[in-house]
Amino acid sequence: MSASSELEIAGRVVELVRRLAGPDAQAEAVVTRTDLALTRFANSFIHQNVAESGVTVRLRVHVDGRTASGGGSLVDPDGLRALVERTLTAARLCPVDPAWPGLTAPSPVPPGTAPDEATGHADPDERAARVRAFVDAAEGLETAGFCRTSYRSGAFANSAGHSAQGRSAEAAMDGIARTGGSDGVARLCADRLADLDGAVLGARAAAKARAAADPVELPPGRYEVVLEPAAVADLLQNLAWYGFNGKRYAERQSFAELGAAQFDPAVSLVDDPLHSSTLPYDLEGTGRGPLTLVDAGVTRAVVHDRRSGAQAGTGSTGHGMPGAATFGPIPHNLRLLPAPTGDGATDGATHAGTRGNDPTDRLPAVAGGVTGAVADPDTAELVAGMERGLLVSDFWYTRVLDPKSLVITGLTRNGVWLVEDGVPTRAVRDFRFTESYPRALGPGAVRGLGRRSVRQPDRMDGSWWDAPPLRLAAWNFTGGASG
Amino acid sequence: MSEFDAAGAAVQAALDAGARYADVRVMHRRYESMSARNGDIEELAQDESIGLGVRALVGSGWGFHAVPDLSDAAARDAGRRAARIAAASARVPGPPIDLVAAEPTVASWSSGCDVDPLGVALSDKGDLLVRATGTMREHGADLAEGLYQIWDTAKWFVSSEGHRIDQRIRECGGGISATSIGAGETQRRSYPSYRGQYGTTGWELVTSLDLVGHAARIAEESRELLTAPECPAGETDLILGGEQLALQIHESVGHAIELDRILGWEAAFAGTSWLDLAQLGSLRYGSELMNVTIDPTIPGALGSFGFDDEGSPAVKRDAVREGRWVGVLAGRDSAAVAGLGYGGSVRADGWARLPMVRMTNVGLEPGPHTLDEIIAATDDGVLMDVNRSWSIDDKRLNFQFGCEVGWEVRNGRRGRMLRNPTYTGIGPLFWRSMDMLSSEIVPWGTPNCGKGQPGQIGHTGHPSAPARFRNVRVGVRA
C-alpha cells in the first residue's frame with residue numbers, strides 16, 4: 001500500500017460519513033500502515049522472532065453536537081462502511097458534547113524527515129546479525145535483549161478539507177549482559193538500523209556487567225547521584241505523563257506552574273518529535289514540531305490536543321493521541337538538552353526541531369573499548385567531580401505514589417556503583433527509592449549535565465527519551481532491594 | 001474462505017516452507033469502552049480487528065508473522081514468512097526445542113454470558129456512568145470518573161498436529177473513582193477496585209456492582225482522606241483487603257511462577273524470577289495457610305478459557321500447596337525445556353502477537369476466618385485496601401505497594417482512617433508471615449497485565465480474600 005492509497009482510504013471514510021450522515025457531519029479519519037519486526041534473544045540465543053503487518057483506521061465523528069470514535073483493521077468497502085455506520089450509531093446515542101473543539105482547519109504540516117527505507121524493510125537476517133554481534137561481543141557472558149525495526153506510513157483527512165501524510169522508520173536495540181547475577185545494559189534508538197552496532201552495544205553491556213560483580217549492600221539514605229541516560233529516561237517519561245499533560249494540568253493534578261522556576265537552571269526540556277523520523281502530524285491532523293516545556297529551569301508549557309487546548313485557550317500543540325480524551329495529551333519525544341559544548345553550542349541548539357546535517361552528530365556517546373562501570377567521557381566527567389555518591393545505570397518499575405507532587409517509588413537496575421573521590425570503588429546492590437521527581441530536579445539540585453545525548457527507546461516505537469547523563473545533589477533511597 | 005480454511009492454508013504454507021511444526025490463530029475481536037467524568041460522557045470508543053498470526057518452528061528456531069487479511073494468498077504468504085523468520089533465528093541458535101505432547105483436539109468452547117454486553121443499549125450504559133459520576137460530584141469529588149470495557153473475542157486455532165478449536169470469550173467490567181485535590185496532593189477512592197472489576201461474563205457483572213449505590217460513599221471517603229493522618233512508619237501487623245491481596249498475588253506469586261521468566265527468557269525486559277526449578281516441590285514459599293492454584297476453569301473469572309492459545313485444554317493445577325512451591329505456569333516449549341509434562345498457560349493479546357506464558361486465574365484458596373474475625377484478633381496494626389501503586393524488583397522479591405486507604409486497628413477494632421498507606425517487603429518472607437486468612441474469596445480480574453516485546457496486555461484472574469501478615473514495614477515516605 002502506498003502513501004497515496006492511505007490518503008485515499010482516509011478520504012473515502014470521510015466521504016462515507018458525509019453520505020450517510022449529511023453535509024453537516026464532521027469527521028476525521030487516520031489510516032496507518034505499520035510494519036513492525038522484533039528479534040528477541042535470551043540466554044544468548046534468539047528465542048523469539050516476530051513480524052507484523054497491519055493497517056488501522058481510526059474515525060472520529062461529530063454529528064448533531066455528539067461525538068464518538070471508532071477503529072478497525074478492515075479496509076475493504078464492507079469493513080469501512082461497517083466502521084462508519086457503527087460510529088455514527090454510537091454518536092447518535094451519546095449525550096451532547098458542548099466541549100467539542102471542532103476540526104483542524106486546512107493548515108500546513110511539516111514534511112517530516114524522509115524515512116530510511118532500508119530500515120523499514122530490513123529482513124530478519126539483518127536483525128539477527130546484530131544480535132549475533134551483541135552476543136559475540138559479550139565474550140561468553142549470558143545476554144538478552146532485542147533488535148527492533150519499524151515502519152509507518154499514514155495519512156489523515158477530515159471533512160474540513162485538511163489532510164496530511166507521512167512516513168517514518170525507526171530502529172532500536174536494547175540488551176543486557178549478565179555475570180553471576182550482575183547485569184549491564186546498553187540501549188539505543190536510531191532512525192537507521194545501520195546506526196546500530198551490536199558489537200559496540202554488546203561490549204558496553206558486558207563491561208558494565210563485569211564491573212557490577214560482587215556488589216555490596218549500602219544503607220539507605222539520601223545520596224548524591226550520577227544518572228546515566230537510561231535512568232534519566234525514566235525521569236523524562238514520568239514528567240511527561242503526569243506533569244506536562246495539559247488535561248492533568250487543567251485539573252490541578254500536575255505539579256506544573258507556568259512561568260515558575262520549578263527546575264534547576266541547567267534543566268531545559270523540549271518535546272521534539274521531528275528530531276527523528278516520525279509521522280509529522282498527530283491523531284487530529286495537527287502538525288508536530290518542537291515545543292519548549294522547560295526553559296533554563298522555568299516551566300513554560302504543557303502539551304495539548306484540540307480539546308484540552310481549546311479549554312486552555314492556547315490551541316493544540318500537536319499532541320492528539322488515542323486515549324487523550326480520558327488520560328490527557330502526553331509528550332512522547334522529550335529531550336533533556338545537554339550542557340553546552342566547548343564552542344558554546346549545545347546539541348539541542350543544533351538539532352531542536354530539525355534533523356542535523358551530519359547524522360553522526362546525533363550518534364550517541366556509545367563507544368567501544370569500554371572496560372569498567374563508566375562507559376563514556378560525559379559520565380566520566382560527572383563522576384570525577386563527585387566526592388561520595390552513586391553511579392546509577394537504570395531505573396525499574398517506577399510507579400507514582402502521588403501524581404501531583406510526582407512522588408515515585410521504584411528500584412535501580414543494571415548496575416549501581418559507589419563513587420568515592422571521583423572514582424567508582426565498589427559495585428552496590430540494587431536500591432529501592434521513593435523520590436519526588438520535580439524536587440530532585442529542582443533549583444540548586446543539578447550539579448552537572450553531560451554534553452551529548454543518547455536517545456533511549458520506549459516500549460513503543462515512535463516514542464523515545466533523549467538525554468545526557470545527569471548529576472543530582474540527592475536521591476532518596478529508602479531501602480536495599482534484598483530486604 | 002472460512003477462518004479455519006485460512007488458518008489451514010497458513011499452516012500448510014509454513015510446513016511447505018520447511019517448518020516442522022506450525023500453528024495459526026485467527027482472531028476477531030470487538031472492543032467497546034466508555035468513560036464518563038463529572039456527570040458527562042467523556043469518550044465512547046469502539047474497535048473491531050480481524051487477522052491471523054502464524055507461528056512456525058524451523059529446526060529449533062521460532063518465527064511468527066501476522067497479517068490482517070484472511071484471503072488464501074495472504075494466509076499462505078504469512079505462513080511462508082513465518083518459516084523464513086524462523087530460519088533466520090538459526091543465526092543465533094540455542095538448545096534444541098521440543099514441545100510437550102498434546103492430543104490433537106477438535107472442539108468448541110464459549111464463556112458464560114447471561115446478558116450480551118454489546119447488546120445492551122449504549123444509552124443505558126451511558127446513563128449508568130453519568131449517574132454514578134454525577135452522584136460522586138454531588139458528594140464532593142473534584143474529579144468523578146467511571147469506565148466500562150467490553151471485549152468480545154472469537155478465535156480459531158489450527159495446528160500441524162491436528163488441532164482445530166474455536167472459542168468465543170466475552171469479557172467485561174467496569175468501575176468508578178473519586179479524586180479529591182488538596183493543596184499539594186491528591187487523594188482517590190475507587191470502587192470496586194483501582195480499575196474496576198472484570199470477568200469472562202456478561203453485562204450482569206456490571207449490574208451486580210451497583211456503581212451508583214457506592215458513589216456517594218467513595219466521594220466522601222476521598223475528601224476525608226485529604227485530612228486524615230498519615231499512615232505511621234514502622235513495623236506492624238498488616239491486614240490486607242482482598243482486592244489489594246489480589247495484586248500482591250499477581251505480582252509476587254503469579255509473575256514469579258511464570259516458567260519463561262524462571263528460564264531467563266524475559267531477563268532483559270520483564271525480568272527473571274527468584275525461583276529455581278531445582279527447588280520445585282520442596283521450596284517453602286509461604287505459611288501453611290498459603291494454597292495457590294492455577295485454575296482457568298473458574299466460571300466467570302477473568303483468566304478463564306476452554307483452551308489456551310496452543311490448544312491445550314484448561315486444567316486446574318496447584319502452584320503452592322500448604323506453603324510449598326509445587327507448580328508453574330508453562331507453555332509447551334518452556335515445559336519441555338524444563339522437563340515438565342504440562343503447558344496450558346500460553347495466550348496472545350490479539351492476532352498480531354505471539355502467544356507467551358501468561359497467568360490464567362492464579363489465586364488463593366479460602367482460609368477459615370472472616371475479615372471481622374481477623375480485625376478482632378489484632379491488637380495493633382493497620383488495615384489497607386484497594387491498590388494505588390505497585391512496584392516490584394526484576395526477580396519478584398522486593399516489593400512496595402501503596403493503597404488508597406488505611407485504617408488503624410487497635411485492640412480488635414477498626415479505628416481512624418489513614419492516608420498514603422504503603423507497605424514493603426520481600427515476597428517469601430511476607431508470605432511466610434501470613435497467619436490469618438479469610439474465607440471471603442472474590443475472583444478479582446486484572447485487565448491490564450503488561451508483558452512481552454512487542455508489548456502485550458493480558459487479562460488475568462486472582463481469587464483472593466482478606467488476610468493478616470505479621471511484622472510488616474509500613475509508611476515509607478519520600
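Computed from a predicted model, the values in this text were never measured in an experiment. All chains are named by letter (A, B, ...) in the order of the sequence lines, taking the proteins before the strands, and each is independently numbered beginning at 1.
- Per-residue counts of heavy-atom pairs under 4.5 Å with chain A were compared for B/Ile41, B/Leu122, B/Val67, B/Thr186; the largest is that of B/Thr186.
- Looking at B/Ala270, only its backbone comes within 4.5 Å of chain A, counting heavy atoms on both sides.
- With respect to chain A, the highest number of heavy-atom pairs below 4.5 Å among B/Ala268, B/Gly61, B/Gly450 belongs to B/Ala268.
- The candidate with the highest count of non-hydrogen atom pairs below 4.5 Å against chain A, out of B/Gly53, B/Ser33, B/Pro95, B/Ser60, is B/Pro95.
- With sequence neighbours left out, A/Asp430 forms a salt bridge (charged side-chain N to carboxylate O under 4.0 Å, His left out) with no residue at all.
- Using a 4.5 Å cut-off between heavy atoms, A/Ala99 does not touch chain B at all.
- Here B/Ser391 pairs with A/Arg432 under the side chain to side chain donor-acceptor pair (under 3.5 Å) rule; sequence neighbours left out.
- When A/Ser436, A/Ser405, A/Ala325 are compared by the number of non-hydrogen pairs under 4.5 Å with chain B, A/Ala325 comes out ahead.
- A donor-acceptor pair under 3.5 Å links the side-chain atoms of A/Gln48 to the main chain of B/Gln453, judged by distance alone.
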Task: Step-by-step salt bridge (charged side-chain N to carboxylate O under 4.0 Å, His left out) determination, B/Arg91 to A/Glu126 - done: CA-CA 10 Å; B/Arg91 291 186 68 132; A/Glu126 293 176 81; over 6 Å; no

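- Exactly one of A/Gln253, A/Arg252, A/Glu251 qualifies for a side chain to side chain contact (heavy atoms under 4.5 Å, CB included) with B/Asp142. That residue is A/Arg252.
- Using non-hydrogen atoms only and a strict 4.5 Å limit, the part of residues 83-90 of chain A facing chain B consists of A/Arg86, A/Thr87, A/Ala90.
- Among A/Pro95, A/Cys94, A/Ser69, the one residue that satisfies the side chain to side chain contact (heavy atoms under 4.5 Å, CB included) test with B/Leu44 is A/Cys94.
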TODO: Any chance you could lay out the salt bridge (charged side-chain N to carboxylate O under 4.0 Å, His left out) test for A/Lys247 and B/Glu42, step after step, and finish with the verdict?
DONE: CA-CA 13 Å; A/Lys247 181 172 183 175; B/Glu42 185 174 58; 2.4 Å; yes

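- Neither the backbone nor the side chain of A/Phe41 comes within less than 4.5 Å of any heavy atom of chain B.
- Of the atoms belonging to A/Leu401, heavy atoms from both backbone and side chain fall under 4.5 Å from chain B.
- Only the side chain of A/Arg439 comes within less than 4.5 Å of a heavy atom in chain B; its backbone stays farther off.
- Interface check for chain B: of the options A/Ser73, A/Ala42, A/Ala37, the most heavy-atom pairs under 4.5 Å are formed by A/Ser73.
- Under the 3.5 Å distance criterion, the side-chain polar atoms of A/Asn43 are matched with a main-chain donor or acceptor of B/Leu263.
- A/Tyr437 pairs by the ring-ring contact (aromatic ring centres under 6.0 Å, His included) definition with A/Trp475, not counting sequence neighbours.
- The candidate from A/Glu435, A/Arg178, A/Arg148 with the greatest count of non-hydrogen atom pairs under 4.5 Å with chain B is A/Arg178.
- With chain B as partner, the option from A/Leu93, A/Asp402, A/Asn476 having the largest number of non-hydrogen pairs under 4.5 angstrom is A/Asp402.
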Open item on the list: Using the rule given for side chain to side chain contact (heavy atoms under 4.5 Å, CB included), can you reason through B/Asp333 versus A/His47, listing the C-alpha separation, both sets of side-chain angles and the distance that settles it, and then say yes or no?
Closed with: CA-CA 11 Å; B/Asp333 59 351; A/His47 72 304; over 6 Å; no

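- Both the backbone and the side chain of A/Ser53 come within contact range of chain B, with heavy atoms under 4.5 Å apart.
- Of the two parts of A/Ser44, only the backbone, made up of N, CA, C and O, holds a non-hydrogen atom closer than 4.5 Å to a non-hydrogen atom of chain B.
- Options A/Pro124, A/Gly71, A/Ala144 differ in how many heavy-atom pairs under 4.5 Å they form with chain B, and the most are formed by A/Gly71.
- Contact annotation for A/Leu59: neither backbone nor side-chain heavy atoms come within less than 4.5 Å of a heavy atom of chain B.
- Per-residue heavy-atom pair counts under 4.5 Å with chain B were compared for A/Phe255, A/Phe146, A/Trp396, A/Tyr397, and the maximum is reached by A/Tyr397.
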